[in-house]
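Along the sequence shown, the residues carry numbers beginning at 1.
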Amino acid sequence: MIRYRLAAKVAAATTAVLTVIAGAVLAAGPGQSTPDTDTLNAQLTATHTGPQQYPRVFIEWDVPITMSDGTVLKANVYHPADANGQPIAEPTPTILNLTPYTKLLGNIADSALAVPGLSDLLMPVLANLDFSAFGLGGLSDLGNAVSGGAGRTFAVDRQLIQSGYTQVVVDVRGTGFSQGVWQVFGDREQQDGAEVVDWAAAQPWSNGKVGMSGISYSAINQMHTAERKPAALKAIFPIVPGSDLIRDVAAPGGALGIGFIPEWLAAVNVTKLMPDLVALLSGKFDGVWLKDRIKDPFTFFNVVIAALTTPSIDEIPPYLNDILDDESALRTAWVGDPSQIEVPTFIYGGWHDIFTYSSARAFNEINVPDSQKKLVMGNTYHVTTGAGLGRPGAPPALDVLQRAWFDKWLKGIDNGIDGYDQVTSWQQGGGWTTSPAFPRPDADYRRMYLNGAPSGSAPGSLRDASLTTAPGEADRLTVAPGLTTVCSRDTAHGTAGIVAAFDICAEDARISETNALTFTTAPVTQPTQISGPIAVHLNTVLDATDGYWTVTLNDVAPDGRSQVWTTGQLTASLRALNEEKSTRSANGDYTSPYPYLTLDTRQPLVPGEATTIDLGLFATDGVLQPGHRLRIDVFAGNFPSSILLRPLLNESELRPQHIEIDPNRPSWVNIPVIGDPGW
């Protein structure tokens, strides 16, 4: 005990010195040089990874929390504890995590990380995994994600608890050991979030200040809860949150996100059926829990089955129609409103995450001063969240940043995190950079036209064409649905990063481009940045009443390697746009077209008739190095990441799709460029 206290005092003194240094560094405001940022990062890391105030953690298991409708949720409550393992008497701030993945899973992960010495031994190994020599560089990132803080922020962070926080992990209604029917972000579930915040703030072990943490589903719950403004909620730290779930994962471009949704639903539905064996053996089994599971054993699978099997529009059942009706209660609940968030918010997102569409948009809409909102965008997929963090030149690990955020806004510690750069981004084609905003303020949108003339840079593509500053001569380019997209970054993105294990698919698009129309610029003559959302305007002709377009933006290296930076997709008949939610650049072109994606705005195509498609690509941030080229790939599908709803798939007949190159009705891409590329 004496040794522990001495170590804690040394750590505290070191932290105090580093805090003073960091404070001096940050006095000049945002935009610090790399050495200053490194000093702050070192201070934050030392604070979190060193000895903490309390030596142990005490756990209360399956604490009941009764909602206003009588449903009982179950929570594990993790308290800071003294050397004897007893919870401290002093009230602390509370960190809340609402999860559908059963708190038992989080506890198992926590137990593994809590084995004495194991974490210290394991983390350096995971941080340095590198299978790139075997073509499996993406596999390394799975281990890197754990060392980057994803493990502790997904499960339980004992360092955070031992520093003087109580952490509460709650099974969402209808999942884990909680009663009720799983709502999948429905209005009642969102209300639960606010009620659990109120409950936590009122407990004797709480000082009334609540923060929220967690990854993915738990991050989305943070956003929804914050939008409801419970008084005790003081800060949130959402990691890869979604805000517009229709466009993120459920129906990207109006299709079914089959690469993620069915598998994810299966995982949650299976784990929610796991009974509380301890309660069962002790004679305290919850009969209401069992009745609720019998009532709805496989939530939302009827919707997936209907989406894949319903033969025609007229036969779509009401529960599938709810997904395609923007006034339905379900659809309304799935499209959040981050402008209602008024608490300090730190967002982590990934450029290839399933929620890439929402991350930067939500950050820009959140209604707090700059010091109270931050954005970090990594070069990651959903399952590799946090990979690369904690390395030299990178931001600290997720658990370090989270601790600093809560220390500032729940404890009032002046640790400098509020002066952290507004946006920290892994700039694709480059490395870690900072910016006062996203998109970068000096980005200038310009048109680049699709031109049928060969670029000479894509000999293996279905059609090697050009991207130029002026429209090309009349031409027709044809592409048919195919299967080469099975090996693509789009599939890696749509499967949450599983396919990203294979570098041949995720790091080079040339396999998928064998069934794509490629439009490529001349090489850039100096570093050229691309920053922001991107819009593609296509003059199309279809041979059926429907079809599906997928477009990617790629960085092409001098050796021919084509790496996807961002992607977008759209069902042709769902092309009608909501002008109020769409954005345009100064030249009047779209930068982020916002399709309604509803049946009542559907516009079936006339076979053989020219039809304009305005399609948006997720916002991105990258730099083309001298000698590199920018490329647009155009596909007539995106299997297995997404697939048309069955009635629309039937109408498409999987027929070839055409782009008309017409000087009088040109096709173009509207690109946010910084610098003079020399095109």
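For Gln428, the side chain to side chain donor-acceptor pair (under 3.5 Å) partners at least two apart in sequence or on another chain are His352, Thr620. Here Asp633 pairs with Asn554 under the side chain to side chain donor-acceptor pair (under 3.5 Å) rule; sequence neighbours left out. In this structure Thr514 satisfies the side chain to side chain donor-acceptor pair (under 3.5 Å) test with no other residue, sequence neighbours excluded. Judged as a salt bridge (Lys or Arg N to Asp or Glu O under 4.0 Å), and not counting sequence neighbours, the contacts of Glu579 are Arg584. Partners of Tyr348 according to the ring-ring contact (aromatic ring centres under 6.0 Å, His included) rule, which considers only residues two or more places apart in sequence or in another chain, do not exist here.
Using a cutoff of 4.0 Å between basic side-chain nitrogens and carboxylate oxygens, Asp248 and Arg361 are not scored as salt-bridged. Between Asp442 and Arg440 there is no salt bridge, since no side-chain nitrogen of the basic residue lies less than 4.0 Å from a carboxylate oxygen of the acidic one. Ion pairing between a basic and an acidic side chain is recognised when a charged N comes within 4.0 Å of a carboxylate O; Asp546 and Arg602 show such pairing.
Tyr594 carries Arg247 over the face of its six-membered ring, with the cationic atom under 6.0 Å from the centre and within 45° of the normal. Because its NZ or CZ atom is not both nearer than 6.0 Å to the ring centre of Phe346 and within 45° of the ring axis, Lys373 does not count as a cation-pi partner of that residue.
When side chains are defined from C-beta on, Ile258 counts as touching Leu308, because their heavy atoms get closer than 4.5 Å. Residues Ile366 and Gln372 are not in side-chain contact: their nearest non-hydrogen atoms beyond the backbone lie 4.5 Å or more apart. Residues Gln603 and Ser573 are not in side-chain contact: their nearest non-hydrogen atoms beyond the backbone lie 4.5 Å or more apart. Two residues are said to be in side-chain contact when any heavy atoms from C-beta on lie closer than 4.5 Å; Arg447 and His537 fail this criterion. Side-chain contact check for Arg489 versus Cys505: every heavy-atom pair is 4.5 Å or farther apart. Proximity of Val524 to Trp679: side-chain heavy atoms (C-beta onward) are separated by under 4.5 Å at one or more points. Here the side chains of Asp621 and Trp426 are not in contact, with every heavy-atom distance at 4.5 Å or above. In this structure, the side chains of Leu605 and Glu609 stay at 4.5 Å or more apart for every pair of heavy atoms.
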### Task
Go through the steps for Ser425 and Thr433 under the test side-chain hydrogen bond (donor to acceptor under 3.5 Å, both in side chains), then give the verdict.
CA-CA 5 Å; Ser425 166; Thr433 64; 4.7 Å; no

### Query
Where do Leu245 and Val335 land on the side chain to side chain contact (heavy atoms under 4.5 Å, CB included) test, with the steps shown first?
CA-CA 6 Å; Leu245 304 184; Val335 179; over 6 Å; no

### Task
Evaluate side-chain hydrogen bond (donor to acceptor under 3.5 Å, both in side chains) for Arg463 paired with Thr478, printing each intermediate quantity in order.
CA-CA 8 Å; Arg463 175 72 182 268; Thr478 300; over 6 Å; no

### Message
Under the criterion salt bridge (Lys or Arg N to Asp or Glu O under 4.0 Å), I'd like the reasoning laid out for Arg510 against Asp508: C-alpha separation, chi angles, the key distance, then a yes or no.
### Response
CA-CA 6 Å; Arg510 282 179 287 186; Asp508 195 338; 2.7 Å; yes

### Message
Checking Ile261 against Val249 for the side chain to side chain contact (heavy atoms under 4.5 Å, CB included) test, could you report, in this order, the C-alpha distance in whole Å, the side-chain angles of both residues, the deciding distance, and whether it holds?
### Response
CA-CA 7 Å; Ile261 291 296; Val249 291; 4.1 Å; yes

### Task
Decide side chain to side chain contact (heavy atoms under 4.5 Å, CB included) for Ile316 and Asp314; before the verdict, give the C-alpha distance in whole Å, the side-chain angles of both, and the deciding distance to 0.1 Å.
CA-CA 6 Å; Ile316 288 178; Asp314 294 338; over 6 Å; no

### Query
Given Phe260 and His493, is the ring pair (Phe, Tyr, Trp, His ring centres under 6.0 Å) satisfied, shown in steps?
CA-CA 9 Å; Phe260 175 76; His493 164 96; 9.9 Å; no

### Task
Check step by step if side-chain hydrogen bond (donor to acceptor under 3.5 Å, both in side chains) holds for Thr545 and Glu651.
CA-CA 6 Å; Thr545 56; Glu651 291 203 19; 2.8 Å; yes

### Task
Could you give me the CA-CA distance, side-chain angles and deciding distance for Phe519 and Tyr449, then say whether ring pair (Phe, Tyr, Trp, His ring centres under 6.0 Å) is met?
CA-CA 9 Å; Phe519 300 87; Tyr449 292 90; over 10 Å; no

### Task
Report the C-alpha separation of Trp668 and Tyr590 in whole Å, then their side-chain angles, then the decisive distance to 0.1 Å, and conclude whether the ring pair (Phe, Tyr, Trp, His ring centres under 6.0 Å) test is met.
CA-CA 11 Å; Trp668 69 78; Tyr590 287 111; 9.5 Å; no

### Message
For Thr540 and Gln657: C-alpha separation, side-chain torsions, deciding distance, then whether side-chain hydrogen bond (donor to acceptor under 3.5 Å, both in side chains) applies.
### Response
CA-CA 8 Å; Thr540 73; Gln657 301 174 188; over 6 Å; no

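Distance check: Leu462 CG to Thr518 OG1 gives 8.5 Å after rounding to the nearest 0.5 Å. With values rounded to the nearest 0.5 angstrom, His628 atom NE2 is found 8.0 Å from Asp559 atom CG. Rounding to the nearest 0.5 Å places OG1 of Thr566 at 13.0 Å from CG of Asp555. Between Gln569 atom CD and Thr552 atom OG1 the span is 11.0 Å, to the nearest 0.5 Å. The distance from the CG atom of Leu375 to the OG atom of Ser435 is 10.0 Å, given to the nearest 0.5 Å. Rounded to the nearest 0.5 angstrom, Asp543 CG and Leu654 CG are separated by 12.5 Å.
Among pairs with a residue in residues 326-343, none fulfils salt bridge (Lys or Arg N to Asp or Glu O under 4.0 Å), at least two apart in sequence or across chains.
Between the side chains of Thr434 and Thr424, no donor N or O sits under 3.5 Å from an acceptor N or O. With 3.5 Å as the limit, one finds a donor-acceptor pair spanning the side chains of Asp464 and Ser455. For the residue pair Asn587/Ser585, the side-chain donor-acceptor check at 3.5 Å is satisfied. A donor-acceptor pair shorter than 3.5 Å cannot be found between the side chains of Thr469 and Arg446. A donor and an acceptor atom, one from each side chain of Thr567 and Asp490, are located under 3.5 Å apart. The closest side-chain donor-acceptor pair between Ser488 and Thr491 falls under 3.5 angstrom.
Residues Gln625 and Gly429 share a closest heavy-atom pair of NE2-O, 3.1 Å. Between Pro338 and Glu365, the shortest heavy-atom distance links the atoms CD-OE1, 3.3 Å.
Within 6.0 Å of the CG atom in Leu483, the count of heavy atoms belonging to other residues, nucleotides or ligands does not exceed 12.
Applying side-chain hydrogen bond (donor to acceptor under 3.5 Å, both in side chains) to Arg631 and the options Ser457, Ser461, Ser466 leaves one that passes, Ser457. Results of the side-chain contact (heavy atoms from CB on, under 4.5 Å) test with Ile613 over Thr571, Leu570, Val536 single out Leu570 as the only residue that passes.
The ring of Tyr548 has its center no closer than 6.0 angstrom to the ring center of Phe635.
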